[in-house]
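Take a look at the structure set out below.
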Amino acid sequence: MSMTKTMRRVLLAACVALGTACMAVHAADVPKATMESMQIPSHGKLMNGMVYVAAGAGPHPVVILLHGFPGNERNLDLAQDMRRAGWDVLYFNYRGAWGTPGDFSFGNGIEDVASAIAYLRAPANAARLRLDPARIVLVGHSMGGFMAVHGAAADPAIKGVAMISGADLADRFQQLRSTSDAAGAVKTMGALLAKEGMAPLAGCTGDSLARELSQHGPAWTFTAKAGAMRGRPLLVVTSDDGLAPTDDAFADAVRKAGDPHVATVHLPTDHAYSDQRMELSQAVLKWLATLQ
C-alpha cells in the first residue's frame with residue numbers, strides 16, 4: 001500500500017522536529033565562550049587577571065597577552081578576536097601596574113610572566129579554563145614584546161612569540177650609553193620613560209627603571225636572546241613608530257641563529273596601531289593559525 005501524502009508530511013515533520021531537538025541538545029552540551037577573572041600569585045602578591053575562554057570543550061591553545069608601558073593600549077580587541085578563533089587569552093597586570101599590588105619594575109615584570117605561565121600550567125586551572133598547558137604562546141605589545149622575548153627565552157616550552165612594536169628597552173639604553181656617561185644615560189632614559197606616563201605604576205620612577213636597565217646592560221637586549229628563540233615561531237609586527245629597525249634586526253638575528261620560522265609584517269600606522277586594528281588582528285590571527 002502506498003503512503004498517502006498526509007502520512008508523508010507527518011513523518012517528514014516528525015523527522016525535522018527530532019533533528020531540531022537533537023541539535024538543540026547537542027548545542028546545549030557545547031560549553032559557551034565566557035570570561036573568568038582571577039588573581040595570579042607572583043612573589044607574594046596577587047596579580048589581577050582575566051581569561052577570555054573560547055567556546056567548546058577544548059582543550060584550547062592559549063595566548064598570554066602582555067601589555068606595554070604603562071599599558072594604556074591593552075589590545076583587548078585582539079583578545080576577543082583570538083577567542084573567536086578558538087584560543088583562550090590571558091590578560092593580566094604586572095605587579096605595581098593598574099591596581100595590582102606590589103612594585104613595578106622590569107625585572108618584576110619578567111618574573112610575573114613566569115608566574116602567569118605557571119598559573120596556566122597548574123592542572124586545576126587548565127581544566128577549569130579548558131586550556132592546553134602544552135600550547136602556550138606569548139603575544140606582547142611594546143614593553144610587552146620585551147616581556148615576551150624574556151619569557152620565552154627562559155622557558156623553552158613556550159610554543160611561539162609575537163611581538164607588536166616590541167620595545168627593546170635595554171638596547172635603547174645601550175644606545176644612549178654609547179654617547180653619554182652612565183649618569184647621563186640614566187637621566188635621559190628616565191625622562192623618556194616618565195614622559196610615557198607613570199601614574200598607573202606604583203613603587204617606581206623613571207630614574208629607578210633606567211638604573212635597572214643600566215644594571216643589566218646588554219644581557220637584557222633582544223639580540224642577546226636570539227639564540228634562545230631558535231626553533232620556535234616568531235612574528236614581528238612593526239609600524240611607523242621608530243621601533244622597526246631594532247625589531248627587524250632581532251628578526252634577522254633569530255634567523256641567523258638557525259630559526260626558519262620567523263615572519264615579519266609592517267603596517268603604516270602609529271605605535272598603538274590606531275587606524276590599523278583590523279589589519280593587526282588579521283596578521284596575528286593568520287600567524288596563530290599556523291601554530292594550531
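- Side chains of H43 and N108: a donor-acceptor N/O pair is absent below 3.5 angstrom, by distance only.
- Going from atom NE2 of H60 over to atom CZ of R135 covers 9.5 Å, rounded to the nearest 0.5 Å.
- Grouping the Ile, Leu, Val, Met, Phe, Trp and Tyr side chains by contacts below 4.5 angstrom, directly or via other members, places V63 apart from Y119.
- Checked by atom type, the side-chain pair N72/H67 shows no donor-acceptor distance below 3.5 Å.
- The residues D155 and R121 are annotated as salt-bridged, a charged nitrogen and a carboxylate oxygen being separated by less than 4.0 angstrom.
- Counting heavy atoms from C-beta on, the side chains of H150 and V113 never come closer than 4.5 Å.
- Checked by atom type and distance alone, the side chain of T221 never pairs as donor or acceptor with a backbone atom of D171 at under 3.5 Å.
- Applying the side chain to side chain donor-acceptor pair (under 3.5 Å) rule to N125 yields the partners R128; only residues at least two apart in sequence or on another chain are considered.
- Side-chain contact, T238 with D247: no donor N or O sits under 3.5 Å from an acceptor N or O.
- Put simply, the side chain of R95 never gets that close to the backbone of M47: no donor and acceptor are under 3.5 Å apart.
- Between M143 and F106 the shortest side-chain heavy-atom distance falls below 4.5 Å.
- In this structure, L129 is not a member of the same hydrophobic cluster as L65, with clusters built from ILVMFWY side-chain heavy atoms closer than 4.5 Å.
- Of the N and O atoms on the side chains of S42 and D112, at least one donor lies less than 3.5 Å from an acceptor on the other residue.
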Set out, in order, the CA-CA distance, both residues' side-chain angles and the distance that settles side chain to side chain contact (heavy atoms under 4.5 Å, CB included) for L120 and V62, then state yes or no.
CA-CA 9 Å; L120 294 180; V62 57; 3.9 Å; yes
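- Within 6.0 Å of the CE atom in M278, the count of heavy atoms belonging to other residues, nucleotides or ligands does not exceed 12.
- By the 4.5 Å heavy-atom criterion applied to side chains, D77 and S281 are not counted as neighbours.
- In this structure the side chain of H261 never reaches within 4.5 angstrom of the side chain of L234, judged on heavy atoms.
- Here the closest non-hydrogen pair linking Q175 and S178 is O-OG, 2.6 Å.
- One distance of note links OG1 of T246 with CG of D168; it measures 6.5 Å at 0.5 Å rounding.
- At distances below 3.5 Å, not a single donor-acceptor pair connects side-chain atoms of D132 with backbone N or O atoms of P59.
- At a threshold of 4.5 Å between non-hydrogen side-chain atoms, the residues I136 and I117 count as touching.
- Closest approach of W98 and N48 over heavy atoms only: O-ND2, 4.4 Å.
- Contact detail for A170 and F146: the closest heavy-atom pair is N-CE1, 4.3 Å.
- Of all heavy-atom pairs spanning L169 and M189, the tightest one is O-CE, 3.8 Å.
- Looking at heavy atoms from C-beta onward, V237 lies out of side-chain contact with W287 at the 4.5 angstrom threshold.
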Worked check of side chain to side chain contact (heavy atoms under 4.5 Å, CB included) between L192 and R172:
CA-CA 10 Å; L192 291 172; R172 179 62 175 137; 3.8 Å; yes
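- Nearest heavy atom pair, residue T223 against residue F250, reads N-CD1, 4.1 Å.
- Tracing side-chain contacts under 4.5 Å through hydrophobic residues (I, L, V, M, F, W, Y), one never reaches V137 starting from V262; they form parts of separate clusters.
- Looking at V51 and V89, their side chains never come closer than 4.5 Å, going by heavy atoms from C-beta outward.
- Following chains of ILVMFWY side-chain contacts shorter than 4.5 Å, one cannot reach M38 starting from Y52, and the two form parts of different hydrophobic clusters.
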Pairs under 3.5 angstrom only: tabulate donor-acceptor contacts from the side chains of residues 158-167 to other protein residues two or more places apart or in another chain.
{"from": "S165", "atom 1": "OG", "to": "S239", "atom 2": "OG", "distance (Å)": "3.3"}
{"from": "S165", "atom 1": "OG", "to": "D241", "atom 2": "OD2", "distance (Å)": "2.8"}
{"from": "S165", "atom 1": "OG", "to": "Y273", "atom 2": "OH", "distance (Å)": "2.8"}

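- Judged by distance alone, the side chain of R277 and the main-chain N or O of N75 form no donor-acceptor pair under 3.5 Å.
- Under 4.0 Å is where a charged nitrogen must lie from a carboxylate oxygen, and between D259 and R230 no such pair does.
- Evaluation of the side chain to side chain donor-acceptor pair (under 3.5 Å) rule for R177 yields no partner, not counting sequence neighbours.
- Rounded to the nearest 0.5 Å, atoms CG (L193) and CD (E212) are 10.5 Å apart.
- Qualifying salt bridge (Lys or Arg N to Asp or Glu O under 4.0 Å) partners for D270, counting only residues two or more places apart in sequence or in other chains: none.
- The distance from the CD atom of E36 to the CZ atom of R130 is 8.5 Å, given to the nearest 0.5 Å.
- Side-chain rings of W220 and F173 stay apart, their centers remaining 6.0 Å or farther from each other.
- For the atom pair CZ (R74) and CG (L66), the distance works out to 14.0 Å, reported to the nearest 0.5 Å.
- Taking OG of S142 as the start and CD of E73 as the end, the distance is 10.5 Å to the nearest 0.5 Å.
- Proximity of P233 to L291: side-chain heavy atoms (C-beta onward) are separated by under 4.5 Å at one or more points.
- Under a hydrophobic-cluster definition in which Ile, Leu, Val, Met, Phe, Trp and Tyr are linked whenever side-chain heavy atoms come within less than 4.5 Å, directly or via other members, V53 and W87 are assigned to different clusters.
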Going through the distances and angles, do D240 and T269 end up as a side chain to side chain contact (heavy atoms under 4.5 Å, CB included)?
CA-CA 6 Å; D240 296 335; T269 186; 6.0 Å; no
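- Shown here are the side chain to side chain donor-acceptor pair (under 3.5 Å) partners of D103, two or more places apart in sequence or in another chain: there are none.
- Between S180 and A185, the closest heavy-atom pair is OG-N, 3.4 Å.
- For H271, the ring pair (Phe, Tyr, Trp, His ring centres under 6.0 Å) partners at least two apart in sequence or on another chain are H141.
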